Structures are given as C-alpha cells and as structure tokens.
A.B. asks: 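I am attaching a structure below and will ask some questions about it afterwards.
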Amino acid sequence: MSYSTEQIADMVKPTFLHRKIYTDPAIFELEMERIWGGSWIFIGHESQVPNAGDYITLNYGHLPVVMVRDKQLNIHVLHNRCGHKGAKIVDKRDGHVNAFRCCYHGWTYALDGTLAGVPNMKGYEGTGFDRSDPRYNMQKLARYDSYRGFVFASMNPRAPDLKEWMGGAATVMDNLCDRSPEGEVEVAGGVLRYEHECNWKLFLENLNDTMHPMIVHKSVVDAANDYIATLPEDSARRDEAEIIPPFGASYEVFESTGITGFRYGHHYDGGETSIHADYSVDPDYERAMLAAYGADRTREILTYNTHNTLYYPSLTIKSAIQNIRVVRPIAVDKTIIETWSFRLKGAPDSLLQRTLLYSRLINANGSMVGPDDLTAYFRVQQGLASTGNDWIEMHRNFGQDEDQGDRLVNGGTSDLDMRTQYAAWKAYMTNDTPLANQEAQAS
Ligand code: FES
Ligand SMILES: [Fe+2]
C-alpha cells in the first residue's frame with residue numbers, strides 16, 4: 001500500500017504511535033529512502049582501513065558500499081557496483097587491493113572509484129562510448145566525512161555538515177576519544193554480528209528505555225548478585241561484578257541519570273552519572289591520563305558518564321565503555337546489530353579487556369543481557385503484527401521536557417527519547433526534514 005504524506009504524519013501523535021510504523025513493508029521502504037537516504041549513516045572507523053588499498057564493505061540501507069583508503073591516504077565511500085553492467089565489485093567484508101577489478105568483464109577501477117581500464121577497447125571505437133565519462137566510475141556517495149575517526153556518509157547532497165548534524169551530541173563522541181591518553185581510539189577485538197527478528201526502531205527505543213532493565217534483566221542481575229555473594233572478601237576484583245549488577249538499579253537511580261534529546265533524533269541518557277559511573281579505575285590508566293591531561297581535565301573526562309548515545313538512526317555508542325552498536329536494517333522485521341569494541345590508544349590493556357568483556361556479557365548473542373532485550377523486541381513485534389489495537393503509547397513525563405535551546409532535557413525514566421526519535425522520523429518521512437526546516441528558517 002502507498003501512503004500520502006498526511007497518512008504518514010497521522011501515524012505519529014504527540015503521545016501515540018501507529019503499529020504499522022513497525023510492521024508495514026511499504027513504510028520500511030519509505031524509511032530506507034527518506035530517513036536512511038536523508039540523514040548521515042555510520043559507515044566505519046578510519047582504523048579499519050589503516051593503509052592505502054585497505055577496504056571494508058557493508059550495506060548502507062539497500063545500497064552496497066565500500067569504504068576504501070586511496071594512495072593519498074584519503075578515505076572514500078563508493079557504491080559497490082560496476083559501471084559496466086552493474087555487478088557488485090567487492091564481495092568480501094574487508095581486505096586489501098591495489099585497484100578494484102570487476103569479476104565479470106574485468107573493468108578496473110582506481111581506489112577513488114575512477115574507471116582505470118576497459119579490456120579490448122576496440123569494439124567501442126565509433127560507438128559514442130567515452131570511458132572518461134564519470135558515469136562509468138564506481139560512484140562516490142553524495143557526502144562522506146569523519147569526526148574523530150568515525151566515518152559517516154549521506155546520500156543527501158543537501159544534508160547539513162556532519163558536525164552540525166551531530167549538534168550537542170558530539171560531546172559524547174569527544175568523550176569516547178578523550179578517554180584515550182592520546183585522544184584517539186581504534187577498532188580492536190573483532191565484531192559481534194547479531195540478527196534481530198524485529199524492526200530496527202525497537203532496538204533504538206530500548207537504548208534509553210530505563211523502565212525495562214529492572215524487569216527484563218532481573219533474573220541475570222539476581223544470579224550475578226548471588227554469585228558475587230559467594231566470593232571471599234579478599235578475592236581479586238571481578239569486572240563482571242561491576243558490569244552486571246547496575247542493570248538492576250532502581251527507578252530512582254535511572255530517573256536521576258536524565259535523558260537529553262537533540263535535533264535530528266539524537267539523544268543520550270546520563271551525563272553527570274550513569275550505571276557505568278562507579279567502575280573502578282586501573283591505577284596505570286589513571287597515571288597515563290594524568291600525564292596526558294593534568295588533574296582537572298582528567299577528572300572532567302572520567303566523570304562525564306553517559307550510558308547509551310544515539311546518532312539517529314544508525315550509530316549508538318557507549319563512551320564510558322568504548323564500544324558501539326551499529327544498526328543495519330534488512331527488512332521491516334529483520335535487523336542486524338553489530339557491536340564493535342575500541343582500544344583507547346595509550347591506555348593499558350586492561351581497558352580493552354574490560355570493553356571486550358562488556359561486549360560479551362551484555363551485547364553478544366551468547367550474552368546474559370542482550371538476549372533478554374531481544375526476547376522483548378520479538379514479543380513487541382509479534383504483538384504489533386496483530387490487529388485489534390493500532391496504537392502504542394509514550395506519555396511518560398509528556399509536557400515536562402525542559403527546553404535548553406539546542407536540547408530538551410527530562411528525567412531518566414521519561415519517554416523523551418522516543419519523542420525525540422519520532423519528531424525526526426516524522427520530519428524525514430513527510431519530507432518536512434530538519435534540513436528543510438533549517439533552510440526555510442535561513443531564507
Ligand atoms: S559487469 Fe563489471 S566488467 Fe562487466
Ligand atoms: Fe536491556
């Protein structure tokens with residue numbers, strides 16, 4: 001079924017959402033075109049392609065793309081499609097090449113996507129074929145840019161600059177990198193790739209949903225606490241004991257962390273405090289940070305504790321943990337979630353080990369926490385597929401958002417995060433995009 005702009009706008013009320021947002025394949029296709037096509041999408045981290053010729057591949061919405069570093073060490077994000085008869089050129093997830101060569105008829109491409117060679121040119125003579133015509137290149141995406149090593153691309157030539165699009169939420173990305181004594185992070189430890197049988201938005205809505213952990217994760221928190229109680233007083237510090245129990249924190253604790261929402265759908269919970277705030281600090285790490293930044297700046301960096309931050313719609317980061325989760329929608333009820341872990345350059349190895357442990361304990365498909373959430377998403381997806389009640393609600397603390405100019409702030413158990421996401425969803429989907437608003441204001 002196709003929808004008019006008015007019908008789509010009617011699916012998002014101030015405190016209600018229509019179930020078809022999560023279940024209708026036609027809505028999903030429009031989301032790929034208007035949200036994934038209109039905003040900035042996370043592609044990868046520069047450290048994944050350290051040398052000229054290194055590449056990774058992925059799907060940007062329905063578009064296969066390759067991120068590659070050229071011989072001048074510039075990074076490009078290219079449509080992974082041959083300019084001849086359209087074959088997908090690169091088939092591996094990552095690798096190294098001196099140039100790209102299509103498997104079908106052997107057209108070759110430089111690392112910036114420019115067509116470099118066509119076999120047996122003779123038959124093209126006098127046909128009007130001009131191999132220098134850029135239409136035969138591997139096409140560059142309309143925009144790509146990086147912030148602190150995180151590469152984003154956009155199919156929207158009129159998208160705002162990346163930094164402007166990130167807005168106040170960029171401070172969390174800064175904090176993730178500033179936790180390195182060298183101010184830089186790099187991907188380490190591989191990827192956890194996990195298929196979720198649910199709509200992509202259910203994962204995003206869960207990020208700052210602090211009304212669920214004490215319910216959904218109770219069994220694992222209780223089991224962890226029971227185990228911790230058996231440890232002798234003088235037993236060595238167990239990172240597991242710091243990571244799992246905070247997921248059972250009370251409503252009051254989560255309320256106190258707060259939620260902050262931004263234009264374009266970004267938001268985070270925490271800031272002054274979060275469920276990661278009480279982790280112990282490796283003395284070697286503290287020494288390295290003090291040497292790099294001095295006492296005041298080190299305290300500032302390490303006490304900025306957010307939990308989950310969303311750069312709507314594709315990237316979520318945990319700055320205090322140094323891992324990210326990336327959203328790759330496949331279909332209306334199928335989504336790939338990737339967890340990537342980061343090494344803080346200049347920090348002791350214990351930091352990376354804790355990040356990897358966290359990723360395994362909380363985010364992996366064999367973890368004890370992530371599958372709790374996945375079960376809930378799956379049940380929501382099942383429930384929303386049924387007719388008889390078309391609406392879901394998001395009233396918590398409605399009407400009480402505090403407007404601080406570039407951001408809205410509310411309590412940690414509020415639905416501010418959902419309202420922030422769906423303001424952006426509605427704007428992108430009705431072509432009343434935040435970008436268009438901005439232009440209208442400027443003109
Ligand atoms: S399809 Fe790529 S060379 Fe023919
Ligand atoms: Fe959860």
Side-chain angles (χ1 to χ4, degrees), residues 57 64 66 78-91 97 99-110 113-121 123-124 127 129 131 133 135-139 192 194 196 198 201-224 243-251 253-254 257 259 268-270 274-276 306-310 316 318 321 323 325 327 335 337 339 358-381 412-413 415 417-418:
T57 63
V66 51
L78 309 172
H79 188 182
N80 187 3
R81 177 200 187 277
C82 184
H84 181 214
K85 298 198 191 293
K88 187 175 169 184
I89 292 190
V90 192
D91 209 29
V97 289
F100 294 114
R101 182 170 186 271
C102 182
C103 71
Y104 202 1
H105 312 97
W107 283 27
T108 54
Y109 297 87
T114 308
L115 180 63
V118 174
N120 196 16
M121 271 296 289
Y124 284 114
T127 66
F129 173 76
R131 70 172 237 191
D133 187 330
R135 77 170 68 189
Y136 303 118
N137 295 341
M138 290 172 74
Q139 299 297 309
L192 296 165
Y194 189 1
H196 285 47
C198 69
K201 299 185 294 297
L202 292 176
F203 170 78
L204 298 190
E205 291 168 21
N206 178 260
L207 292 167
N208 291 175
D209 177 330
T210 58
M211 291 298 291
H212 86 277
M214 63 293 288
I215 309 292
V216 163
H217 304 307
K218 184 177 187 328
S219 56
V220 63
V221 169
D222 286 351
I243 290 173
I244 295 178
F247 281 85
S250 65
Y251 293 120
V253 167
F254 279 114
T257 67
I259 298 178
Y268 60 76
D269 59 342
S274 83
I275 61 169
H276 310 306
T306 53
H307 175 205
N308 281 311
T309 301
L310 167 63
T316 84
K318 289 177 190 275
I321 304 298
N323 78 8
R325 282 177 291 170
V327 181
T335 307
I337 305 295
T339 300
Y358 186 100
S359 295
R360 289 196 301 271
L361 282 176
I362 308 300
N363 301 142
N365 56 353
S367 83
M368 292 178 281
V369 174
D372 292 341
D373 294 314
L374 180 58
T375 303
Y377 310 154
F378 185 52
R379 290 203 194 182
V380 173
Q381 192 74 34
T413 69
D415 283 328
D417 53 327
M418 284 185 73

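This structure is a prediction, so every number in the text was calculated from the model and none was measured. When a ligand or atom number is given, it counts from 1 through the structure's own listing order. Quick note: residue numbers are just sequence positions, from 1.
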A.B. asks: Can you give me the closest heavy-atom contact between F100 and A110, atom names plus distance?
C.D. replies: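 Looking at all heavy atoms of both residues, the shortest contact is CD1-O, 4.0 Å.
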A.B. asks: Taking the Fe ion (ligand 2) as the center, what protein N, O or S atoms are found at less than 2.8 Å?
C.D. replies: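 Listed by chain and number, the atoms are H212 NE2, H217 NE2, D373 OD1, D373 OD2.
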A.B. asks: For Y124, does the OH atom have more than 12 heavy-atom neighbours from other residues, nucleotides or ligands under 6.0 Å away?
C.D. replies: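 Count over threshold, so yes.
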A.B. asks: Quick one: pull up CZ in F203 and NE2 in H196 and give me the separation to the nearest 0.5 Å.
C.D. replies: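 The NE2 atom of H196 is 6.0 Å from CZ of F203, to the nearest 0.5 Å.
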A.B. asks: Looking at L207, L310, T210, D209, which hits side-chain contact (heavy atoms from CB on, under 4.5 Å) with D269?
C.D. replies: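 So, applying the side-chain contact (heavy atoms from CB on, under 4.5 Å) to D269 and each of L207, L310, T210, D209, only T210 qualifies.
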A.B. asks: Between CG of N137 and OH of Y109, what distance do you get to the nearest 0.5 Å?
C.D. replies: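 Answer rounded to 0.5 Å: 7.5 Å.
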A.B. asks: Given side-chain hydrogen bond (donor to acceptor under 3.5 Å, both in side chains), test N323 with S359 step by step and report yes or no.
C.D. replies: CA-CA 7 Å; N323 78 8; S359 295; 3.0 Å; yes
A.B. asks: How far does NE2 of H212 sit from CZ of F254, to the nearest 0.5 angstrom?
C.D. replies: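 H212 NE2 to F254 CZ: 8.0 Å, rounded to 0.5 Å.
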A.B. asks: Let me confirm one number: the OG1-OH distance from T339 to Y194, rounded to the nearest 0.5 Å.
C.D. replies: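 That separation rounds to 9.5 Å.
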A.B. asks: Under 2.8 Å from atom 4 (Fe) of ligand 1, how many protein N, O or S atoms can be found?
C.D. replies: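 Total protein N/O/S atoms under 2.8 Å from atom 4 (Fe) of ligand 1: 2.
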A.B. asks: Are any side-chain N or O atoms of R131 and backbone N or O atoms of A116, one a donor and one an acceptor, separated by less than 3.5 Å?
C.D. replies: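 Such a contact is found between R131 side chain and A116 backbone.
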